There are 2 protein chains.
Amino acid sequence: MASIKDVAAEAGVSVATVSRVLNDHPSVSADARTRVLAAVETLGYRPNAVARSLRTDQTHTLGLVISDVMNPYFTELARSVEEEARALGYSVIIGNADERPDLQDHHVRNLLDRRIDGLLVSPTDGGSPLMLDAARAGTPMVFVDRWIPGVDVPVVRADGRAAVRDLVTHLHGLGHRRLAIIAGPAATTTGRERVEAFREALAACGLELPDAFIGQGDFQAESGRRVTEGFLDLAEPPEVVFAADNLMALGALDAVRARGLRVPDDIALAAFDDIPWFVHTDPPITAIAQPTGELGRAAVRALVDRIEGRPGESVTLPARLVVRRSCGENPTPVQRSTS
Amino acid sequence: MASIKDVAAEAGVSVATVSRVLNDHPSVSADARTRVLAAVETLGYRPNAVARSLRTDQTHTLGLVISDVMNPYFTELARSVEEEARALGYSVIIGNADERPDLQDHHVRNLLDRRIDGLLVSPTDGGSPLMLDAARAGTPMVFVDRWIPGVDVPVVRADGRAAVRDLVTHLHGLGHRRLAIIAGPAATTTGRERVEAFREALAACGLELPDAFIGQGDFQAESGRRVTEGFLDLAEPPEVVFAADNLMALGALDAVRARGLRVPDDIALAAFDDIPWFVHTDPPITAIAQPTGELGRAAVRALVDRIEGRPGESVTLPARLVVRRSCGENPTPVQRSTS
DNA sequence: CGGGTTCGTGGAATCGATTACATCGACGGG
DNA sequence: CCCGTCGATGTAATCGATTCCACGAACCCG
């Protein structure tokens with residue numbers, strides 16, 4: 001592969017001049033410029049990004065560590081992150097933690113070793129020493145979706161409180177009184193917050209959330225199935241199951257089907273995170289939709305702001321309820337999902 | 001960030017010795033080794049991968065350019081690729097081409113500039129000069145799922161011919177005679193092959209595939225919807241629609257629903273590529289399943305073989321039919337999907 | 001016409017590693 | 001006792017860029 005020296009030789013100038021042309025530094029004669037560009041063309045020269053990074057201490061690369069690529073929510077997030085980053089002149093390296101803290105650490109370490117310019121993380125747990133150190137050491141960092149309390153890093157996320165309240169009101173309006181939740185891991189903010197929001201919304205309707213109606217899941221489909229089976233085995237099973245993410249909702253649907261029961265006639269189902277497939281399930285699933293694309297873009301903007309020396313602020317956007325048929329017929333059809 | 005010089009100073013040795021310890025070169029005294037390791041520990045030193053790559057001309061990184069991250073098939077492929085690569089000591093940088101040749105080129109160029117050790121591609125089109133040049137220039141490369149004819153690069157893919165034959169036989173057995181297909185882009189091998197396999201399978205059953213029953217899609221949901229609407233507008237619409245990928249099947253399902261028709265009673269639906277959600281749609285969708293994880297792993301192994309100087313062979317694995325309910329009741333329930 | 005800018009250019013240092021080569025001491029065999 | 005060998009270590013070149021600094025030529029102005 002041709003290097004800058006080859007180009008310099010071909011054009012009959014020094015490497016310094018070639019570099020200046022390539023970085024369009026003002027002080028280059030028109031003659032030298034054309035000769036260099038011609039040489040670049042004939043040699044098919046492309047600057048070595050590795051060498052450039054070593055010298056400039058910038059990789060123009062962002063690291064994105066997400067909890068689970070197979071979760072459509074995170075896939076969409078990753079996609080919007082890459083798009084916005086590309087628009088701003090950055091590349092993205094994605095690390096999939098698969099909800100495993102050890103894998104998360106592996107990727108963070110790997111990305112740090114590669115000297116990425118900044119890190120976007122949706123933490124799987126409460127934060128390993130490695131990540132906390134990185135944050136303290138001044139690595140530009142932004143949390144997206146989930147975050148770690150007490151760490152001085154901007155957070156870009158959706159606030160689901162209002163939407164959860166809307167959901168519970170909707171369920172209450174349909175006559176449901178016994179509502180259960182499949183929670184996410186307590187180590188994650190989203191895992192805790194969604195339960196809290198649910199409990200508060202129930203209280204506002206004068207309902208309680210007994211411990212038996214809080215099932216511990218891990219954001220994966222299998223846990224949704226397991227927890228739902230537990231619910232169905234209760235002497236007085238819930239009338240509604242609210243899954244804290246889309247994969248657990250899928251598992252719940254499986255469990256309900258496996259018993260020969262039907263949604264929503266025998267038991268209602270709702271989920272946090274809306275995804276395209278929820279329109280096509282049987283029945284279509286009522287869900288709380290996050291502005292995923294906007295979150296990804298905002299997170300990148302905040303991170304790039306930090307990298308380039310600007311403040312870089314936290315952003316919280318509202319989630320919203322999308323009513324479909326999985327909780328029973330809606331008395332006010334005008335509110336039906338538009339998708 | 002501490003560099004190797006700082007470690008050398010702290011340990012009271014030269015940088016060469018530090019490097020030797022880090023790469024466990026045999027000729028280092030036990031004493032020097034412990035002093036270096038202690039210095040590494042106290043300084044929290046991590047080798048700069050950028051510098052190392054510049055010197056060794058290896059990045060231990062694979063590039064993966066896929067056609068569409070939002071397609072669950074490719075997501076799963078990406079995941080298995082990353083897993084296998086990690087097991088072999090490589091990282092993966094994913095580029096999402098979004099079925100756009102210009103974006104595909106952008107990513108290929110970017111990855112090449114970063115001096116990745118090898119490239120895994122599922123080409124969106126017939127191959128840009130850029131990619132052909134890279135292949136000719138000797139960049140280790142492997143095609144996965146889709147490929148470009150006439151380029152001397154190993155191909156790892158699934159062969160769907162037998163499964164398509166099974167599907168058509170199944171459909172014929174259910175009494176369907178008017179079968180249509182939503183094809184993928186003719187520029188892709190999978191786009192062409194699936195139509196061919198379908199046509200041959202029909203011929204084997206004594207059926208024809210009229211032009212009106214070949215709709216041109218682009219592997220995206222919206223095109224599936226559009227093509228299906230065209231089919232439904234025909235004076236004699238098909239009894240079955242076979243979508244060449246899962247997203248177009250989703251669009252087809254939308255179109256059918258929008259007309260107030262039902263699957264499979266009014267029209268049957270089948271898809272190439274099986275995904276977890278197909279179990280949960282209404283009705284569950286009959287599909288042709290590829291051994292996606294195995295394809296990803298085999299592709300990585302072939303690529304790493306090439307990189308490390310071994311042959312690196314093409315691999316073709318069989319796809320298989322998974323019968324569900326979207327084509328009508330199955331006369332032999334024993335064949336039902338196991339998932 | 002002379003001194004101070006400005007402009008274009010090249011030489012060389014530098015980033016942080018790896019590694020060929022030189023050096024030096026210890027040790028073993030003849 | 002001397003010399004060759006080997007093991008441990010340091011010096012310095014190198015990878016491919018960027019960029020500071022110096023230098024010479026041209027130019028401007030008084």
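Given the structure is predicted, the values throughout are model-derived calculations rather than measurements. Residue numbering restarts at 1 for every chain, and letters A, B, ... go by the order of the sequence lines.
Here Thr17(A) lies in heavy-atom contact (under 4.0 Å) with sugar-phosphate atoms only. Across all strands shown, Ala49(B) has no heavy atoms under 4.0 Å from either base or sugar-phosphate atoms. Residue Val50(B) is out of contact with every strand shown, counting any heavy-atom pair closer than 4.0 Å. Using a 4.0 Å heavy-atom criterion, one finds that Ser27(B) contacts the bases of the nucleic acid, with or without backbone contacts as well. Using a 4.0 Å heavy-atom cutoff across all strands shown, Asn23(A) reaches sugar-phosphate atoms only and no base atom. No contact: Val18(A) has no heavy atom under 4.0 Å from any strand. Residue contacts for Thr56(A): at a heavy-atom cut-off of 4.0 Å it reaches the sugar-phosphate backbone alone, with no base atom in range.
Arg306(B) CZ to Leu119(B) CG: the interatomic distance, rounded to the nearest 0.5 Å, is 13.0 Å. Separating the CE atom in Met141(A) from the CD1 atom in Ile148(A) is a distance of 6.5 Å, to the nearest 0.5 Å. Ser3(A) contributes atom OG, which lies 9.5 Å from atom CG of Leu43(A) (distance to the nearest 0.5 angstrom). Note that the OG1 atom of Thr59(A) and the CG atom of Leu54(A) stand 12.0 Å from one another [nearest 0.5 Å].
Atom-to-atom, CG of Leu43(B) to P of dA17(C) comes out at 12 Å; the value is rounded to the nearest Å. Atom CG of Asp31(B) and atom C1' of dA8(D) are 11 Å apart (whole Å). Atom CD in Gln58(B) sits roughly 16 Å away from atom P in dC15(D) (whole-Å rounding). Between the P atom of dA12(C) and the NZ atom of Lys5(A) lies a distance of 13 Å, rounded to the nearest Å. Taking atom CZ of residue Arg55(A) and atom C1' of nucleotide dA12(C), one finds them 11 Å apart after rounding to whole Å. When rounded to the nearest whole Å, the span between CG of Asp24(A) and C1' of dT19(D) equals 15 Å. Spacing between atom CZ of Arg52(A) and atom P of dA17(C) amounts to 21 Å, rounded to whole angstrom units. Rounded to whole Å, atom P of dC20(D) lies 10 Å from atom CZ of Arg20(A).
With respect to the salt-bridge test (charged N to carboxylate O, under 4.0 angstrom), the residues Arg100(A) and Asp102(A) qualify.
Checked against dA17(D), dG16(C), dT9(C), the side chain of Asn48(B) finds its nearest nucleotide in dG16(C). The side chain of Val28(A) lies closest to dT9(C), out of dT9(C), dT11(D), dA17(C).
Looking at which nucleotide of DNA chain D each of Arg115(B) and Ser29(B) is closest to, the 5′-most match is held by Ser29(B).
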